[in-house]
Every structure is written in C-alpha cells, then in structure tokens.
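First the structure, in the form of structure tokens, and then the observations on it.
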Amino acid sequence: MKNFLSLNYVCSVLNNQYENKIIYSTILLIFIYCLIIFELSHRTLAAALGAVGGLSLISFIENEKPTLELIVSWVEWETILLLFGMMIIVAVFCETGLFDLIAVRIFHFAGTRVWLMIGSLCVLSGVLSAFLDNVTTILLLTPITIRLSEIAKLDPRKIIIAEVLFSNIGGASTAIGDPPNVIITANQIINQRGVDFSNFTFHMFAGSIFVFSICFVHFKFMLADSKNFYLKEESELDEMKKEIIIWKRSFQSITPVTKEEKIVKTLLKEKASQLQNLLKQKQINVKQEYEKTLIIKSQEMLESYKITNKPLLIKSSIIFTITLILFFLNPFVDKIHLTIGWISILSALLLLASSSSTASGHGQSDANKSTNVDFEGLMHKVEWSTLLFFGCLFIFMKTIEELGLLNYLGNLISDMIKSVENISDRLAFALVVLVVLSALISSVIDNIPFTTAMIPIIIQLSEQANLPLQPLVYALAFGSCLGGNGSLVGASCNLVAAGISEQHGYKITFGQFFKTGFPIMISSILVAIIYVCIVCIYFEWY
C-alpha cells in the first residue's frame, strides 16, 4: 500500500475592500520590481515611487491620509543609523591605508591561485557575518575586494556577489548575524517555548555549516574556470581566435570536387591548424608571463604598501574594537541601554571628534596633524543613495504590510499547512512549506517585515495544528535568511554591496546577481530542508 499526503483545503471569500487592497498592493509590488529588475529606473527612484504609490493607495482605499509622524515611524532607523555609522568608520579606515595593506597581504598569500583568494574571502565573509551584522561585514570587505581585484586584474563584481551570498549564509548561523534572527530570538513567547539565544544559535550554526559547504561546492562548480573572474579585455589572443574562426569557416565551406579545390581546402585547413597551435603556445606564454608579473608585483607591493597614518589607525582600531564588543554584548547585557544603531552612530561621531579635534589650532605637532581627517571628503564617501533607498524601501514595505498583503501571504501558508490531515505528516509538510515559501517571498520582499508578520502566525499555527514551535522557528529563520540570496533586493547587505561597487565604477545589475544568487539560494534551501527534517523529525532534536 502506498502512503498518500491527504490535503483538506477550504477556500474563503474575501470582502471587497480587503480584496481590493490585496490586488492593488500586488500590482504595485510587481510594477516596482519590474522597474528594478529591468533597470527602467534607478533603484532609489523606484523605491521612492513605490513609497509614494503605497501611501496613495492607503489614502485612496482607507480615506485617511497617514500623518508625517506615522510615515517617519515606519522607517527602520536602527538600520539607517547602523549603515551611516559604519560607512563613516570604514571611510576613516580607508584613510589609514589599512585596506590596501590587507588586500596586498591576501594577494601575496594567494599568489596566482585565484580560487584560493576567492575561497579565503568567502570564508572570511561567512565567519565575520556570524558574529557581526552582515551589513557591517560587507561594508568592511567590499573596499578590500575591489582593491584586491584591481591589483589582480579581476572583475570585482563576481567576487563581491560571492561574498554577499556567503555573508547571508554565515549570518543565518547565529542569533545576531541577520536581522530576522534578532527579531525571532527577541520574541518573548518564542523564548518561553524553549528557543533562547544559545539554543537557537546551536541549531542554526550546525545547519549553516552544511549549507555553507554544499553551496561553496555548487558555486565553484558554476564558475569552475578561473577565467570567469578576469576582466574581459580585447587582446592579441582575441584577434587570433577570430582569425582562426574565419579560416575554419573558409575550409569548411568548400566542398572539394576538383583536385585544385582539394589542395585549397588542405592549405586552408593547415593554416587554421598552424594558427591554433600558435594560439596555444601564446596562451601558455601569456599565462607564464602573467604569473611571473603577479609574483614580482606582489613582492614590490608587499615592500611598498605600508600604513600611511598610524596614529589615526590606532584611534580607529580602538574605537572600532569597542564598537564590536558592544555589538556582541548588546543582546546579553541589559545595562548597555543602547541599540546597535546608536552604538554605531555614537562610535562614528566619537571617531570623527577625536580625529578632527587635534587638527585645530596653530601649534600642533606633525603627529597631531596626521590624525586629521577631511570631513567633507568623508561625507562624499557615504553612500547617500543607498541610505535614501533603504528609507524609501522601509516606507514602501510598510505600506504593503498595512494593505494586508503580508498577512494574507502568511495566512495562506498557515492554511496550507493546517490542511494536512495526518498529524505525522503535518510537521514535515510544515517545515518544507515554511522554508521554501519564506525563501521565495524573502527574495522579493524585505525579510524584516515578512519575519515580523510570520512570527505570530507560526505561534498560532503551533497551537492550532498541534505542532512543536521550535522546528517551525528554525524553518522560518533558514527560509528568511537564505532567501536573501535569491535577488539583489532580497537582503540589506546585497544593496549595500551594490551601492559601494557602483561608487567605484563596477555596477552590479539585478540580472548579474540573480544569475548567481538564485541557483545558490535553491541549493541552500534544499540543504536546509534536509537538515531540519532529519534533525527535527527523525532525531526529534529540538
């Protein structure tokens, strides 16, 4: 006898006003994402249009205009402050020459082994994101990666995308690595049901190791040839390849009938073969010359690149270390009385004050003058367009939430799970549905409001469907965090990396990110599903 999964699904009719809200908000969401996906407009302008459109829908349907105070309260100021503060701190670090030195050290360590360098950066990104917010990690690593790629003549966009993907995976491994995890572990009901900071981190960390390992193998398989990372430049070899194609087409187009035609075809074939052999030899020579040049350049740069401003580096390092300690202690120590956003902005202001205060006056020593930073120059390095984008995106997502779309999607997921009649199959079905749908929705809708909307739904689902809450929490966390790899707008650090990269002249498009990120997302959620099902159903470890 075969076992079948029995579903009992009930359709409910929505009232007209609620139905209109869902339809209009869905149309608006699709329209805004089309603007971003097809690059019909800059993403900041698209988010602003979305915010205005969402506010207009609320005013039109509800016959009540949201007040300015209410709209301002919709902005996640913690994220804005965190981004702004870390952008300033990273900009000050750039003035010390630290990032150039780190890039040179990694370049010297990897040598001509491109995959060793990429693997080192991906592991570093994942490890840092486990203990820091992944936005902070990307703010630190992106300038290093761009500088490193320029030295090695690589395309930094593909390496930055790789760092972002594994940053999102690493961020899923702890309770403080990714905003959805922070929101989940901060919920009192979830804490009372046995999912505390240490328990959550232990389960998520174990699963994230498997996800990271499988996804890195998948990523290496997708871009196995290291030539995929080199910048496309016209060279003598490219001209030879074109010439060989022409010669091959010439002899292939000849159908010899006479003796003279056979001779001509043979000569053309020999010419193409000679050029092919010559091309192979030149490729070997170019590769050897490139590797030799890299080694020499590595030695020269190792000797010439030094810290340019040691007093400023010392101040920056002390303040940054204190900042990281406060970041890490913040979830555990109630007496800090500061959120992560305020810690970031206060640290940035302290660094600016300590670096510029010694620059005033006429009787300064050279040591004091060397710690001075150009305030206006630092402000130019802040990603204002990225900050504005996040502000508009938060308002846009809040309008979508107010129109009921997120609750509607959450209730659909809940109803789908409760439709399984067999209790033994319901948990497995719930875990699969939560991971897959959370990942897919989080790839197009910011995972912070989605996670916030889903928490009360999974708590209610646990009570009504007689399911343990802990596995549902882990499934939601995996889906929300790993879904950020599905698209450029899926997670905050994706957009931060794209903004910094574009500022340096390397634009990351939606399509470029999707081409690599979506397959990695599929691999990651498959591994996550297998992990939570084996651990929570077979071993009942939760």
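Computed from a predicted structure; not experimentally measured. These values consider heavy atoms only, across backbone and side chains, with no hydrogens, waters or symmetry-generated copies.
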Rounded distance (nearest 0.5 Å) linking atom [atom1] of [X] with atom [atom2] of [Y]:
X: Ile32; Y: Leu49; atom1: CD1; atom2: CG; answer: 5.5 Å
X: Leu526; Y: Met521; atom1: CG; atom2: CE; answer: 9.5 Å
X: Ser73; Y: Leu68; atom1: OG; atom2: CG; answer: 9.5 Å
X: Thr509; Y: Phe514; atom1: OG1; atom2: CZ; answer: 12.0 Å
X: Ser442; Y: Ile525; atom1: OG; atom2: CD1; answer: 10.5 Å
X: Asn168; Y: Ile520; atom1: CG; atom2: CD1; answer: 12.0 Å

Do the side chain of [X] and the main chain of [Y] share a donor and acceptor less than 3.5 angstrom apart?
X: Ser125; Y: Leu121; result: no
X: Gln470; Y: Arg193; result: yes
X: His504; Y: Tyr506; result: no
X: Ser354; Y: Leu351; result: yes
X: Ser438; Y: Leu476; result: no
X: Asp178; Y: Ala172; result: no
X: Trp74; Y: Met397; result: no
X: Ser462; Y: Leu467; result: yes
X: Asn199; Y: Val195; result: no
X: Thr96; Y: Leu312; result: no

Task: Chi angles and distances behind the side-chain contact (heavy atoms from CB on, under 4.5 Å) call for Thr174, Asn181 - done: CA-CA 7 Å; Thr174 65; Asn181 293 359; 5.8 Å; no
Open item on the list: A quick test of your reading: do over 12 heavy atoms of other residues, nucleotides or ligands sit less than 6.0 Å from OH of Tyr24?
Closed with: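 12 or below, so no.
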Do [X] and [Y] come within less than 4.5 Å of each other through their side chains, counting heavy atoms only?
X: Phe200; Y: Tyr474; answer: yes
X: Ile58; Y: Leu403; answer: yes
X: Leu55; Y: Pro66; answer: yes
X: Leu427; Y: Pro468; answer: yes
X: Ile508; Y: Glu502; answer: no
X: Thr516; Y: Lys158; answer: no
X: Pro519; Y: Phe219; answer: no
X: Ile529; Y: Leu431; answer: no

TODO: Would you please say whether a donor-acceptor pair under 3.5 Å links the side chains of Thr323 and Ser347?
DONE: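 Yes, side-chain donor-acceptor contact under 3.5 Å.
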Task: Matching residue for Ile319 among Leu350, Leu346, Val92 - test: side-chain contact (heavy atoms from CB on, under 4.5 Å) - done: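 Of the listed options, the one satisfying the test is Leu350.
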Open item on the list: Classify the ring geometry of Phe93 against Phe320: parallel below 30°, tilted from 30° to 60°, perpendicular beyond 60°.
Closed with: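 It falls in the perpendicular class, over 60°.
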Open item on the list: Using 30° and 60° as the class boundaries, would you call the ring planes of Phe478 and Tyr531 parallel, tilted or perpendicular?
Closed with: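 Ring orientation of Phe478 relative to Tyr531: perpendicular.
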Open item on the list: Show, in sequence, the C-alpha distance, side-chain angles and deciding distance for Ile159 and Ser149, and conclude whether the side-chain contact (heavy atoms from CB on, under 4.5 Å) test is met.
Closed with: CA-CA 8 Å; Ile159 303 177; Ser149 301; 3.6 Å; yes
TODO: Report the C-alpha separation of Phe166 and Val123 in whole Å, then their side-chain angles, then the decisive distance to 0.1 Å, and conclude whether the side-chain contact (heavy atoms from CB on, under 4.5 Å) test is met.
DONE: CA-CA 8 Å; Phe166 291 101; Val123 171; over 6 Å; no
- [ ] Go through the steps to decide whether Lys21 and Glu402 satisfy the test salt bridge (charged side-chain N to carboxylate O under 4.0 Å, His left out), and finish with yes or no.
- [x] CA-CA 9 Å; Lys21 288 181 180 180; Glu402 290 291 319; over 6 Å; no
Open item on the list: Would Leu434 and Met454 count as a side-chain contact (heavy atoms from CB on, under 4.5 Å) here? Give the steps.
Closed with: CA-CA 10 Å; Leu434 273 177; Met454 282 299 298; 3.8 Å; yes
Task: Shortest non-hydrogen contact between Ile160 and Ala497, atoms and distance - done: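 What the structure gives for the nearest pair is CG2-CB, 3.8 Å.
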